[in-house]
Structure formats: C-alpha cells, structure tokens
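Have a look at the structure below, then the notes.
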Amino acid sequence: MGTVSLNLFPLISGRHRLKINRVSADHIMLKKKSSANMFFRVDQSSEKNCSALHLCAYNGKNSGVLEKDMVSLNGELNSKVQEGIGIIDFFCGKKLFITGVTGFLAKVFVEKILRTIPEVDKIFLLIKARDEEAAMERLMNEIVGTELFKCLREKHGISYERFVLAKLVPVVGNMCETNLGIKEDVADLIEKEVDVIIKSAATTTFDERFDVALDINTRGAAHIVNFAKKCENLKLYVHVSTAYASRQREGKIMEESFGKGHYVANGAGVNETPFKHVHRLNIGAEIKLASEMIESSEKNEIDRNLKDLGLSRAQKHGWPNTYAFTKAMGEMIVEDMKGQVPVIIIRPSIVESTLSQPFPGWIEGNRMMDPIVLLYGKGKVPGFFSNPDMALDVVPVDIVVNSTLAAIAKHGGKESKQEDSNSNDHVYQITSSVANPLITRDLADLAYQHFSVSPCFDREGNPIQISAFKFFSSIEDLLSDMKSTNSNDEISPKHELIRRKSIEHFKYLANLYKPYTFFDGRFDNNKVENLLECLSEEERKEFGFNVRSIDWEDYIVRVHFHGVRKHVMKETTLK
C-alpha cells in the first residue's frame, strides 16, 4: 500500500449513540423550454404567497445559459423574489474559475453545478497539461467521462457532450507558476470575465516532499491571490483549506481565521511586505530550507530527505504533518495578501463518499479512514492504534459541496461589501464532531458488521473471516499482535520477507497517524449551521447540508463501505 494521501484521520473524545435519520432525497428543479426558444422559471415564496414568473432568453448555442437581463412578467426586474439565500439566482449567468478540478472534491463541485444550475454561464477549469489538446483530453477522460457524471449524462442523452463543452472551458496552467502558468491572452479573458474563483488544488499527502507541498499548498495560494487581484468583476475568492490547519489539539476548535501577521514574509518570494513576527514562523525561511535541502542532497536521497524535513518542520511549529502545516501557511498568505479581494475560507474535515447526490456512495481514491478499514476487512490487521472513545470528524463530499455553494451565494451576493479585516465571518468549518460525532468505537463496530455480512475474498475465492476490531494503546502492542498472528504457519522465505516489509510499512503509517488517533479536539461548525438556517425550504431540498441528520450506521455500512469497495477497489459483487 502506498503512502496514505488525504484529508486527515483525527479521533476525538466523547461517546455518543448513533443517530438514525436520513437526509432527504434529491429534489430537481424543472426547466421548460417553450416553442419560441424561451423558458420560464417560477420563483415562489411560501410564507408571502407570492411568485414572480421570469421570461428568460434561451441561447441554444450555450445549452441553457440565462441571458444577463431577465424580464419579469409582472414588471419587476429583481429575480430574487423568494426566501432563502438565492443560490440558483446567484449562479445564473456567472463565470467561475476552479483549480484542482481533477481532484475528488472539485469534480463533485462541477457536477453539482452543471446538474442543478445549468444556467451557469461558463466554468474555466485550470488543468495541468502540455497543451490545449492534452487539457481537453484530461477534461473528457478524468472529469466528465467518469461515473460521477452518469446522472447528468442520462439527463442530456445525446446532447451531453455538447452541453458540457458549452459550459466547461479547460485552461492550460500550473498552480506553481506565476500567473498560474496561463497564456497571456487566456489570462486576460478570465481576468475580465470571471465572477468567482475557487482554489481547490492541493496536495493532501501527509508526508509529501516539503518542496512540493510548499509549491502547491503555500506558494500556490500566493499565485492565485495575485491572480484574483487582477480580476475586474470578481465577486468572491473561495479558498478551500482543511479543518486541521489549526494548531489547536484540545477542546472546541472555533471557526477563526489566522488573521494578519502570522508570519514573516520579507524575502520569501511570496509577499514583499514584512509582517509581524508571530509563532517564530518565517515562510520565506521554510522555502529556503527546502531549496537548500535539494542542493545538498544526493540524488537518491532527495525524496526521503525532503519528506523528513517537511515532517520535522511541521512538528517544530506545532502542526502534525507537512500537509496541515503547508495548508495553514497557505491560509496565512491569503489573509495577509487579499487586500480588497472578498474572501471566504472553507475548512472541511475528513471528506468521504457522497451521502445522496448525485447518487449515494461515489468516491474516488483511497480516502483518509479507508486504508485501515480495508486492511482490517482483508484480515491484514487486527485493528489499530487509537483511542476508541474519540470522535472521527467525517463529512460526505456532497455536504461539503452544498454548504460551499450556499456560502458563495451568501458572500458573493454582497454588493462590494468588505468583511471587517478582524472578522471571522468568512471562515466556515464543514465538520461533524460537535454537531453529530462519529465515535471511533462505533465505526469499528460498523466495520465488523459490514465485513461479516459482505466479506472480502482471498485469492482462492474463499471469504475472509474477521474478528472484532481491536484497539491498541501503543504501536508496539499493535505490531506485536500482528507478528504473532499466523507465526506458526510455515511460509516461504519470500513471503516471510513480504510480511516483514508489510509490518514495517504499517509501523510507518501508524506513526504518521499517531497525532490524530489520539486527537482531543472537536471542530465547531456554528457558522455553517447558521448558514443552513438561511436556506429556503426549496433550497434545503436541493442544497441541504445538515450534518445532524446523518445516520452514521446507514451511511457507513450501506453507503460508504460499499462505495469504497465498488469505486476504489473495483469489486463487482457485493452483498
């Protein structure tokens, strides 16, 4: 198994009973075209018992783009004649620019907008590729050609490709380069037209090479903020971070920004203005250390040395690993450099498979908590080194996407209103450990339940029998148990070597997870819950994100585990 990459694996104190509730099913707003190439949309307000019927020009070329000027049949020019935030109204006719689009979260974001708000004008997608043709190939193969888009594909039928190509614009570029590596004429076009920028690109590997993590998670934030400053009509810049960017490890972790002055920026090649020296953190010095390590290391030692450097620097400054450390520095840069750019910061915790939209259980990649659970299901490990009474902060990816869309509509809809520089109103933690915690012991019980009913199979096709999940108080106890298992079996020297290497690798993973398996903090999500209260009844049906309503037993056993085994492990027969 390769190095685990993902949103992190914390566990948190307190034991709660699993709640049983399901989020409501998808509700799709219908759009109807008239014979005159027009379509009508009705905005309703239940309490006020009023509605406005809008006549919208239909542009066949753009497959349903709303023209900017909407004529209200009752003479009103304001389309927002409804309760709620006005999510659909905000995105109608807007142009978005998204980075990290070949990643898990951004794909779900793109699919959701195209499926529920086809009136969006354009979505520019930054794709790392050698040229436009290669970027288009990645768009078709890695994004719109994936199973995630099957509902949208079925909805449009033979017009699917025409629809997506009318909406999605692949842009060749690179987060690690000045001006995002975009050609000048393309950059000029985006800067003139874009309404919302969403920075989703990141490397999420815990022990990534320090230089690579700095380039993408830290310096990449500087590059995109500088780009945002040149956008003439920008309504909002959305910075996707992680809840684990916080250095706090205990108690309730609030939705607070780093604010200004958390690092020294002079000479960093990030920002020319020196700021107050706080936490003894100098981002320029960290970048310089990585550069010096490259120059001083032998070629065959560079990878290992840079991974070790990232972990040691993170732990020195109070973060658990390279991922959380470089994401935190990225946030600091955004806060210090944003100037007059309107910004919101989105901090999800462990992002896992879809709860319900576009269909339950879709996932891509071996996410945070899944590698250990799958090894357990395959009989490779008896359990894990962790506190069984801590809460695992998990959020389904469609919950993250829906809450982000609502936050964008709320803040992007403000008419050039700047947040107070000392305010935390722009920080949203999309988390569950306070509102609806999933206790680690319960997760282990659910894993045992799932693999007992739907076992994995060995190479001979026999079902693998598992025992109840064990919790170990030390890594040594875990490894000792693993070594003693089947120790009396006669195996070949080759298989013995493989087993020893597997145990050593698992020891490495256990140490990597250690800061999280005894994590004693819980992430507050009060602002997200307040945002939910602003949604209308219709918006809740289509864009709901109530983590309190998640039935963990139903989601984990019948949705998530099946999704991982189907979409990640590619198993074809599951009970």
Side-chain angles (χ1 to χ4, degrees), residues 7-8 10-27 83-85 87 105 108 112 242-244 246 251-256 346-357 360-361 367-369 389-407 409-410 424-425 427-443 445-446 519-561 563:
N7 299 308
L8 309 184
L11 305 168
I12 313 167
S13 61
R15 179 123 162 99
H16 291 256
R17 222 160 41 105
L18 292 175
K19 302 175 182 178
I20 299 177
N21 263 316
R22 284 297 280 169
V23 172
S24 59
D26 285 0
H27 177 82
E83 293 180 345
I85 294 177
I87 298 173
L105 176 59
V108 181
K112 175 71 176 188
T242 172
Y244 303 104
S246 171
K252 184 182 285 188
I253 301 170
M254 307 305 293
E255 295 164 292
E256 297 176 345
I346 303 295
R347 292 177 181 164
S349 53
I350 302 170
V351 184
E352 290 286 1
S353 61
T354 54
L355 177 66
S356 60
Q357 298 184 24
R367 313 305 293 176
M368 184 46 248
M369 68 182 185
D389 296 317
M390 290 186 173
L392 185 65
D393 202 305
V394 172
V395 279
V397 64
D398 45 341
I399 294 286
V400 178
V401 166
N402 286 352
S403 49
T404 302
L405 288 170
K410 176 188 175 184
N424 289 301
D425 289 345
V427 179
Y428 291 91
Q429 289 181 169
I430 308 173
T431 55
S432 63
S433 56
V434 168
N436 185 10
L438 171 62
I439 304 304
T440 311
R441 189 190 306 275
D442 291 331
L443 175 65
D445 292 343
L446 295 176
F519 186 76
D520 199 25
R522 291 184 183 236
F523 297 104
D524 182 63
N525 68 331
N526 185 60
K527 294 194 186 83
V528 174
E529 294 206 318
N530 289 340
L531 183 65
L532 180 66
E533 293 300 314
C534 298
L535 267 61
S536 68
E537 183 178 347
E538 288 301 305
E539 286 175 330
R540 285 172 183 252
K541 293 176 182 178
E542 186 61 87
F543 303 99
F545 46 90
N546 185 6
V547 296
R548 293 181 184 273
S549 69
I550 299 174
D551 174 356
W552 289 119
E553 180 176 3
D554 186 63
Y555 171 70
I556 294 295
V557 175
R558 284 173 283 278
V559 175
H560 179 64
F561 286 161

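Note that the structure is a prediction, hence the values are computed from the model and not measured.
- For Ser432 (side chain) and Val394 (main-chain N/O), a donor-acceptor pair under 3.5 Å exists by modelled atom type.
- Two residues are said to be in side-chain contact when any heavy atoms from C-beta on lie closer than 4.5 Å; Glu352 and Val397 fail this criterion.
- Ion pairing between Glu537 and Arg540 fails under the 4.0 Å rule for side-chain N and carboxylate O.
- Closest heavy-atom contact between Pro396 and Ile550: CD-CD1, 3.7 Å.
- Between Gln429 and Val434, the closest side-chain pair of non-hydrogen atoms is not below 4.5 Å.
- Note on ring orientation: taking the six-membered ring where Trp is involved, the planes of Phe523 and Phe519 are parallel (angle under 30°, cut-offs 30° and 60°).
- A pairwise comparison of heavy atoms in Lys527 and Glu255 identifies NZ-O, 2.6 Å as the closest pair.
- In this structure, Asp398 contributes its side chain and Leu355 its backbone to a donor-acceptor pair below 3.5 Å.
- To the nearest 0.5 Å, atom NZ of residue Lys541 and atom OG of residue Ser536 are 9.5 Å apart.
- Counting only distance, with no hydrogens or angles, the side chain of Glu539 and the backbone of Ile87 share a donor-acceptor pair below 3.5 Å.
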Candidate pair Met369 and Ile556, rule side-chain contact (heavy atoms from CB on, under 4.5 Å), full reasoning | CA-CA 11 Å; Met369 68 182 185; Ile556 294 295; 3.9 Å; yes

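- Note that the CZ atom of Phe561 and the CG atom of Leu443 stand 5.0 Å from one another [nearest 0.5 Å].
- Inter-residue side-chain proximity for Val108 and Gln357 is flagged as unmet; no heavy-atom pair is nearer than 4.5 Å.
- Between Ala243 and Thr431, the closest heavy-atom pair is CB-CG2, 4.0 Å.
- Under the 3.5 Å distance criterion, the side-chain polar atoms of Tyr555 are left unmatched by any main-chain donor or acceptor of Gly361.
- Using modelled atom types and a 3.5 Å distance limit, the side chains of Thr404 and Tyr428 yield no donor-acceptor pair.
- From Leu446, atom CG reaches atom NE2 of His560 across 11.5 Å, with rounding to the nearest 0.5 Å.
- Between Lys410 and Leu531 there is a side-chain heavy-atom pair separated by less than 4.5 Å.
- Side-chain contact between Phe545 and Val400: absent, with no pair of heavy atoms (C-beta onward) separated by less than 4.5 Å.
- Between Tyr244 and Ile350 there is a side-chain heavy-atom pair separated by less than 4.5 Å.
- Residues Trp552 and Val557 fail the side-chain proximity criterion, which asks for heavy atoms closer than 4.5 Å.
- Pairing each heavy atom of Ile399 with each of Gly544, the nearest pair is CD1-O, 4.3 Å.
- Salt bridge Arg347/Glu256: absent, no basic N to carboxylate O contact under 4.0 Å.
- Closest of all the heavy-atom pairs between Ala435 and Arg548 is O-NH1, 3.4 Å.
- Between Arg441 and Asp389 the shortest heavy-atom distance is NH2-OD1, 2.8 Å.
- Checking side-chain atoms of Asp393 against main-chain N and O of Ser433 turns up a donor-acceptor pair under 3.5 Å.
- Taking the side chain as every heavy atom from C-beta outward, Val547 and Asn525 approach each other to under 4.5 Å.
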